Amino acid sequence: MAAQKINEALEHIAKAEKYLKTGFLKWKPDYDSAATEYGKAGVAFKNAKQFDQAKDAYLREAEAHANNRALFHSAKAYEQAGMMLKEMQKLPEAVQLIEKASMMYLENGTPDTAAIALERAGKLIESVNPEKAVQLYQQTASVFENEERLQQAVELLGKASRLLVRGRRLDEAALSLQKEKNMYKEVENYPTCYKKTIAQVLVHLHRHDYVAAEKCVRESYSIPGFNGSEDCTALEQLLEGYDNQDQDQVSEVCNSPLFKYMDNDYAKLGLSLVVPGGGTKKKSPLTAQNEAGGSAAAGSHADEEDDEYSGGLC
């Protein structure tokens, strides 16, 4: 079966080369017919799992379409060549061709197809080169944003933000999250704005920038429904614990379902958040009074422990 497909592919290549030849009665190559034959050859080689030869056939198809000024079809052929490189596990080279295809789509006036190609390239390279994937996702978001398709744009920004957090590129992550939040605010998706505020605060605190974290919460009070929400209350408690160097309070907030069930990268930020110089600090008078009332029924043994730690540790 494979041998049959290879022979079929070679026949198509021979036909393509014949279409490209010129002579006394044929002054101009027939690029359109040649491209068709190269495309058929690429499919046949792919079916025979001869990916390197399939890639070459698709590149010849792309060149023929380009000579015929058929940019869209040329870009499609470059994409196909890129996918053959993917099959060969040559991911950087695959991404390079898919990027070239996306630029041709933009030149052709089909930005949606360009964005889809860039996103596909990002997914291909994400596991081996996250930095390149971030760049591709940001490019894709920009294309969608220029087309005023903010929902698609913000989803791609979200992928970039999570990769930046995963790579501990926290300064860039903070900027990316702010842009995400601005877009969600623009499309009036306010509950997601709250979640992005939590992510921002965690990133800022891991950057040891308490002022930026506090400013982030303060500015979010202008978002409809944020003030008084469980997200707002939790963040206020988190900042209070961080400011008071109370690791217990910070850990309690970060271990709450609100934080633990966020996207995994942000949940990990919460679980790993350590207060500089943190320990267990003295509770506020109201908190201490409530806890004392709750522990009164615990018996004399608990009372003895309270006496032992009367200095304020709990």
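What you see is a predicted model; the values in this text were computed from it and never measured.
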Exercise. Would you tell me whether Gln139 and Gln135 have side-chain atoms, one donor and one acceptor, within less than 3.5 Å of each other?
Key: yes
Quiz item: Does any N or O in the side chain of Ser256 come within less than 3.5 Å of the main-chain N or O of Glu252, such that one atom is a donor and the other an acceptor?
Solution: no
Quiz item: Does a side-chain heavy-atom distance below 4.5 Å link Tyr58 with Lys46?
Solution: yes
Exercise. List, by chain and number, the other hydrophobic cluster members for Tyr19, where Ile, Leu, Val, Met, Phe, Trp and Tyr join if side-chain heavy atoms come within less than 4.5 Å, directly or indirectly.
Key: none
Quiz item: How many angstroms lie between CD in Glu180 and OG in Ser176, if you round to the nearest 0.5 Å?
Solution: 5.5 Å
Quiz item: Would you say Ser74's side chain and Ala62's backbone share a donor-acceptor pair under 3.5 angstrom?
Solution: yes
Exercise. Could you please spell out the steps behind the side chain to side chain contact (heavy atoms under 4.5 Å, CB included) verdict for Leu150 and Tyr184?
Key: CA-CA 8 Å; Leu150 297 187; Tyr184 278 117; over 6 Å; no
Quiz item: Does atom CD of Glu147 have more than 12 heavy-atom neighbours from other groups under 6.0 Å away?
Solution: yes
Exercise. Measure the OG1-CG distance between Thr113 and Leu118 for me, rounded to the nearest 0.5 Å.
Key: 11.0 Å
Quiz prompt | Minimal non-hydrogen separation, Gly122 against Ala133, with atom names | solution = O-CB, 3.7 Å
Quiz item: Is the closest side-chain donor-acceptor distance between Gln200 and Tyr266 under 3.5 Å?
Solution: no
Self-check item: CG on Leu85 to CD1 on Ile98, rounded to 0.5 Å
Solution: 8.5 Å
Self-check item: Any Glu119 side-chain heavy atom under 4.5 Å of Lys123 side chain
Solution: yes
Self-check item: Any Tyr38 side-chain heavy atom under 4.5 Å of Leu20 side chain
Solution: yes
Practice problem: Would you mind checking if Lys268 and Asp265 are paired as a salt bridge, meaning a charged N to carboxylate O distance below 4.0 Å? | Solution: no
Quiz item: Does Ser142 offer a backbone N or O that forms a donor-acceptor pair with the side chain of Asn146 under 3.5 Å?
Solution: yes
Exercise. Return the orientation label for the Tyr221 and Phe226 ring planes: parallel under 30°, perpendicular over 60°, tilted otherwise.
Key: tilted
Quiz item: Checking Thr110 side chain against Leu106 main chain: does a donor-acceptor pair fall under 3.5 Å?
Solution: no
Quiz item: Given the rule that I, L, V, M, F, W and Y join up when any side-chain heavy atoms are under 4.5 Å apart, are Ile198 and Tyr190 in one cluster?
Solution: yes
Quiz item: Is there side-chain contact between Lys179 and Leu175, with heavy atoms separated by less than 4.5 Å?
Solution: no
Quiz item: Does the His206 side chain pair with the main chain of Leu269, one donor and one acceptor, at a distance under 3.5 Å?
Solution: yes
Quiz item: Does the pair Glu131 and Arg169 meet the rule for a side chain to side chain contact (heavy atoms under 4.5 Å, CB included), with working shown?
Solution: CA-CA 10 Å; Glu131 290 185 14; Arg169 295 161 63 185; 3.2 Å; yes
Quiz prompt | Lys/Arg-Asp/Glu bridge criterion (N-O < 4.0 Å) met for Arg60, Glu63 | solution = no
Quiz prompt | Shared hydrophobic cluster, Met183 / Val143 (ILVMFWY, side-chain heavy atoms < 4.5 Å) | solution = no
Quiz prompt | Distance-minimising heavy-atom pair for Ala48 and Ala2 | solution = CB-O, 3.7 Å
Quiz prompt | Chi angles and distances behind the side chain to side chain contact (heavy atoms under 4.5 Å, CB included) call for Glu219, Lys215 | solution = CA-CA 6 Å; Glu219 288 177 345; Lys215 180 183 177 185; 2.9 Å; yes
Quiz item: Hey, what do you get for CD (Glu230) to OH (Tyr194), rounding to the nearest 0.5 Å?
Solution: 11.0 Å
Exercise. Please answer: with hydrophobic residues joined when any side-chain heavy atoms are less than 4.5 Å apart, are Leu273 and Leu164 in the same cluster?
Key: no
Practice problem: Determine whether Glu79 and Arg120 make a side-chain contact, defined as any pair of heavy atoms from C-beta on separated by less than 4.5 Å. | Solution: yes
Practice problem: Might you point out which heavy atoms bring Leu202 and Gly270 nearest each other, and give the distance in Å? | Solution: CD2-CA, 3.8 Å
Quiz item: Going through the checks in order, is the side-chain hydrogen bond (donor to acceptor under 3.5 Å, both in side chains) test met by Gln178 and Asn182?
Solution: CA-CA 6 Å; Gln178 183 61 52; Asn182 291 341; 3.0 Å; yes
Quiz item: Linking I/L/V/M/F/W/Y whenever their side-chain heavy atoms sit closer than 4.5 Å, directly or via other members, would Val95 and Met103 fall into one cluster?
Solution: yes
Quiz prompt | Main-chain N/O of Ala64 paired with Asn68 side-chain donor or acceptor, under 3.5 Å | solution = no
Exercise. For Thr22 and Lys28, indicate whether the former's side chain and the latter's backbone hold a donor-acceptor pair under 3.5 Å.
Key: no
Quiz item: If you take all heavy atoms of Leu157 and Ala141, which pair is closest and at what distance?
Solution: CG-CB, 3.9 Å
Quiz item: For atom CD of Gln152, is the number of surrounding heavy atoms from other residues, nucleotides or ligands below 6.0 Å larger than 12?
Solution: yes
Quiz item: Under a single-linkage definition using a 4.5 Å side-chain heavy-atom cutoff for Ile, Leu, Val, Met, Phe, Trp and Tyr, are Leu97 and Met104 assigned to the same hydrophobic cluster?
Solution: yes
Quiz item: Does any non-hydrogen side-chain atom of Phe144 lie less than 4.5 Å from one of Val154?
Solution: no
Quiz item: Measuring from Gln237:CD to Cys232:SG, what's the distance to the nearest 0.5 Å?
Solution: 10.0 Å
Quiz prompt | Contacts of Lys132 that satisfy salt bridge (Lys or Arg N to Asp or Glu O under 4.0 Å) - sequence neighbours left out | solution = Glu99
Practice problem: Could you walk me through whether Phe51 and Lys90 pass the side chain to side chain contact (heavy atoms under 4.5 Å, CB included) test, one step at a time? | Solution: CA-CA 11 Å; Phe51 300 120; Lys90 295 182 177 181; over 6 Å; no
Quiz prompt | pair Ser222-Lys185: side-chain heavy atoms closer than 4.5 Å | solution = yes
Quiz item: Between Lys159 and Glu126, does at least one N-O distance fall below 4.0 Å, as a salt bridge requires?
Solution: no
Exercise. State the CD-OH distance between Gln247 and Tyr242, to the nearest 0.5 angstrom.
Key: 9.5 Å
Exercise. Kindly give the heavy-atom pair with the smallest separation between Leu271 and Cys254, and that separation in Å.
Key: CD2-O, 4.0 Å
Quiz item: Between Ser251 and Asp248, do the side chains contain an N or O donor and an N or O acceptor separated by less than 3.5 Å?
Solution: no
Quiz prompt | Side chain proximity check, Pro130 to Arg166, heavy atoms < 4.5 angstrom | solution = no
Quiz prompt | Cationic N near anionic O, under 4.0 Å, Asp112 to Arg149 | solution = yes
Just list the side-chain donor-acceptor pairs under 3.5 Å for residues 5-15, sequence neighbours left out, or say none.
unit_1: Asn7; atom_1: ND2; unit_2: Ala3; atom_2: O; d: 3.3
unit_1: His12; atom_1: ND1; unit_2: Glu37; atom_2: OE1; d: 2.7

Quiz item: Side-chain donor-acceptor pair under 3.5 Å between Thr197 and Lys181, yes or no?
Solution: yes
Quiz item: What pair of heavy atoms forms the shortest contact from Leu258 to Ala234, and how long is it?
Solution: CD2-CB, 3.7 Å
